[in-house]
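Please read all numbers here as calculations on a predicted model, not as lab measurements.
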Amino acid sequence: MNPTPPLEAQDRPARLTVGVVGAGRVGPALAAALKLAGHRPIAVSGVSDASVRRAAELLPDVPLVTPAEVLARADLVLLTVPDDALADLVTGLAETGAVRPGQLLVHTSGRYGTAVLDPATRAGALPLALHPAMTFTGTSVDVQRLAGCSFGVTAPEELRMAAEALVIEMGGEPEWIAESARPLYHAALAIGANHLVTLVAQSMELLADAGVRAPDRMLGPLLGAALDNALRSGDAALTGPVARGDAGTVAAHVAELRRHSPQSVAGYLAMARTTADRALAHGLLKPELAEDLLGVLADAGNGPGTAARPAPGTAEPGTPASPESPDNPDGRDHDDHDPDGPDQGPDTPDHGPEGGDR
């Protein structure tokens with residue numbers, strides 16, 4: 001992506017007073033970035049002790065007031081609250097007359113476009129959805145991380161230039177997202193960011209259980225290379241026993257995880273099935289090896305606490321899977337397997353990339 005050239009003075013929006021409703025991890029950082037661009041944070045609302053501390057660190061000397069007072073003072077208001085709280089907040093502010101005509105009202109939810117701001121828009125507010133595709137810590141490092149950060153932007157046509165200018169002033173790169181595509185956009189980020197944290201934390205725990213003294217040091221170069229390869233090459237970067245079709249190795253993995261970390265088995269199986277599907281589709285996994293691999297994954301899903309799903313020609317539906325034994329370590333009949341592959345695992349809950357009180 002080509003870097004966006006800095007705005008010339010004549011292209012910059014007028015200097016604005018900035019308010020923040022919800023001093024979670026996102027709002028104070030964005031307001032601090034806008035301050036560096038010459039805007040003036042003037043009011044912030046926050047209830048928890050953590051919110052108060054964040055506001056004091058990132059927005060010193062900016063008074064803590066009620067949400068209604070934030071809107072009364074600011075030309076540009078950042079609504080940085082959790083996704084599920086946003087609609088009720090906007091409705092409440094509009095119904096109580098807190099919204100002023102001509103006021104820029106910006107939310108940072110990845111899930112929503114500008115439709116969630118409709119109650120405020122009807123009251124005269126100018127709606128913008130500016131979602132930074134970044135994970136936030138609630139500290140000053142977040143302001144630095146905004147440099148080059150992509151923002152998922154949704155705005156009415158007449159406000160597109162204003163939205164773009166604000167994102168660029170915060171150091172970000174605007175990426176235009178259609179209103180109807182916001183949930184899909186957000187789900188994609190959740191898969192890549194939230195689930196990555198879960199996978200890495202789980203991997204570090206398992207390495208520690210295996211006796212590795214510095215799991216983070218071991219994983220750092222490996223995961224860095226994997227991420228770089230994936231961003232450059234997509235599915236062509238797939239490696240490992242699933243992509244190779246090493247069914248015996250995968251069976252051994254599942255057996256070990258059942259003994260040492262049974263709560264991680266479902267996630268391993270779900271990711272292995274998805275990896276196998278993608279490796280097959282891209283010609284990395286040979287079909288003759290995929291059959292055994294998918295059979296292992298199907299039968300592994302019939303382990304303790306799951307309903308049985310026998311391979312064709314074996315037990316009737318509902319019959320428990322064969323238990324593991326020294327002669328049959330992966331717990332399946334090696335003569336029969338499902339050529340169509342296993343059922344997919346349960347849906348994963350939807351989470352925002354940032355989490356918390358935004």
Under a 4.5 Å cut-off applied to non-hydrogen side-chain atoms, are Val44 and Val65 in contact?
no
Can you tell if the side chain of Tyr268 reaches within under 4.5 Å of the side chain of Leu199, non-hydrogen atoms only?
no
Give the intermediate values and the outcome of side chain to side chain contact (heavy atoms under 4.5 Å, CB included) for residues Leu30 and Phe151.
CA-CA 12 Å; Leu30 298 187; Phe151 279 65; 4.2 Å; yes
Without swapping roles, check the side chain of Ser51 against the backbone of Val47 for a donor-acceptor pair under 3.5 Å.
no
So, do Leu146 and Asp142 sit near enough that their side-chain heavy atoms are less than 4.5 Å apart?
no
Pair Val70, Val20 - check side chain to side chain contact (heavy atoms under 4.5 Å, CB included), show working.
CA-CA 7 Å; Val70 171; Val20 178; 5.8 Å; no
Run the side chain to side chain contact (heavy atoms under 4.5 Å, CB included) test on Val21 and Leu78 for me, step by step, so that the C-alpha distance in whole Å, both residues' side-chain angles and the decisive distance to 0.1 Å come before the verdict.
CA-CA 6 Å; Val21 176; Leu78 302 173; over 6 Å; no
Is the shortest distance from a Lys or Arg side-chain nitrogen in Glu169 or Arg15 to a carboxylate oxygen in the other one below 4.0 Å?
yes
Examine Val26 and Leu34 and state if one hydrophobic cluster contains both, with Ile, Leu, Val, Met, Phe, Trp and Tyr joined whenever side-chain heavy atoms are less than 4.5 Å apart.
yes
Is the shortest side-chain heavy-atom distance between Leu104 and Val77 below 4.5 Å?
no
Using the benzene-type ring in the case of Trp, are the ring centres of His131 and His186 under 6.0 Å apart?
yes
Within the distance-only criterion (no hydrogens, no angle test), does the side chain of Glu173 pair as donor or acceptor with the backbone N or O of Ile168 below 3.5 angstrom?
no
For Leu269 and Ala300 the tightest heavy-atom approach is CD2-CB, 3.6 Å
Here the gap from Leu159 atom CG to Leu128 atom CG, rounded to the nearest 0.5 Å, amounts to 5.5 Å
Kindly indicate whether the side chain of Pro156, heavy atoms from C-beta on, has any atom under 4.5 Å from the side chain of Pro127.
yes
Begin with the C-alpha distance, continue with both residues' side-chain angles, and end with the deciding distance and a verdict on side-chain hydrogen bond (donor to acceptor under 3.5 Å, both in side chains) for Thr154 and Arg182.
CA-CA 9 Å; Thr154 304; Arg182 294 290 290 207; 2.9 Å; yes
Under a 4.5 Å cut-off applied to non-hydrogen side-chain atoms, are Val116 and His107 in contact?
yes
Pairs involving residues 63-73, ordered by first then second residue, that meet side chain to side chain donor-acceptor pair (under 3.5 Å) (sequence neighbours left out):
Glu69-Arg73
ILVMFWY clustering at 4.5 Å (side-chain atoms), partners of Met218
Leu196, Val200, Met204, Leu207, Val212, Leu219, Leu222, Leu223
Is it true that Leu285 and Val254 fall in one hydrophobic cluster, defined by side-chain heavy atoms closer than 4.5 Å?
yes
Under a single-linkage definition using a 4.5 Å side-chain heavy-atom cutoff for Ile, Leu, Val, Met, Phe, Trp and Tyr, are Ile191 and Tyr185 assigned to the same hydrophobic cluster?
no
Is any NZ, NE, NH1 or NH2 atom of the basic residue among Arg54 and Glu57 found under 4.0 Å from an Asp or Glu carboxylate oxygen of the other?
no
On a heavy-atom basis, the closest approach of Ala32 and Val143 is CB-CG2, 3.9 Å
Can you tell me how far apart CG (Leu86) and OG1 (Thr91) are? Round to the nearest 0.5 Å.
9.0 Å
Ion pair Asp228/Arg232, N-O distance below 4.0 Å
yes
Heavy-atom pair with the smallest gap, counting every atom of Pro119 and Ala94
O-CB, 3.6 Å
Any pair counted as side chain to side chain donor-acceptor pair (under 3.5 Å), so long as it reaches residues 234-251, sequence neighbours left out
Asp235-Arg278, Asp235-His282, Arg244-Asp246
Any link between Leu166 and Met134 through a network of hydrophobic side chains (Ile, Leu, Val, Met, Phe, Trp, Tyr) touching at under 4.5 Å?
yes
Find the distance between CD (Glu95) and CG (Asp88) and round it off to the nearest 0.5 Å.
9.5 Å
Give the minimum heavy-atom separation between Leu126 and Gly102, together with the two atoms involved.
CD1-O, 3.6 Å
Step-by-step side chain to side chain contact (heavy atoms under 4.5 Å, CB included) determination, Leu293 to Val242
CA-CA 7 Å; Leu293 175 66; Val242 172; 3.9 Å; yes
Under 3.5 Å, side chain of Thr17 to main-chain N/O of Asp75, donor-acceptor pair present?
yes
Can you see which heavy atom on Gly22 is nearest to which on Val81, and at what distance?
CA-CG1, 4.2 Å
Do the side chain of Glu175 and the main chain of Val153 share a donor and acceptor less than 3.5 angstrom apart?
no
Sidechain-backbone polar pair: Gln103 side chain, Gly124 backbone, donor-acceptor under 3.5 Å
no
Should Thr80 and Arg25 count as side-chain neighbours, where that means a heavy-atom distance under 4.5 Å?
no
The side chain to side chain donor-acceptor pair (under 3.5 Å) partner of Ser261 among Gln263, Arg258, Arg259 is Gln263
Would a single hydrophobic cluster contain both Met271 and Leu257, if residues Ile, Leu, Val, Met, Phe, Trp and Tyr are joined by side-chain heavy-atom contacts under 4.5 Å?
no
How far apart are the closest heavy atoms of Ser264 and Gln202, and which atoms are they?
CB-NE2, 3.3 Å
Is there side-chain contact between Leu79 and Leu93, with at least one heavy-atom pair below 4.5 Å?
yes
Let me confirm one number: the CG-CG distance from Leu71 to Leu105, rounded to the nearest 0.5 Å.
6.0 Å
Sidechain-backbone polar pair: Arg273 side chain, Leu297 backbone, donor-acceptor under 3.5 Å
yes
Should Asp84 and Arg111 count as an ion pair when the cut-off is N to O under 4.0 Å?
yes
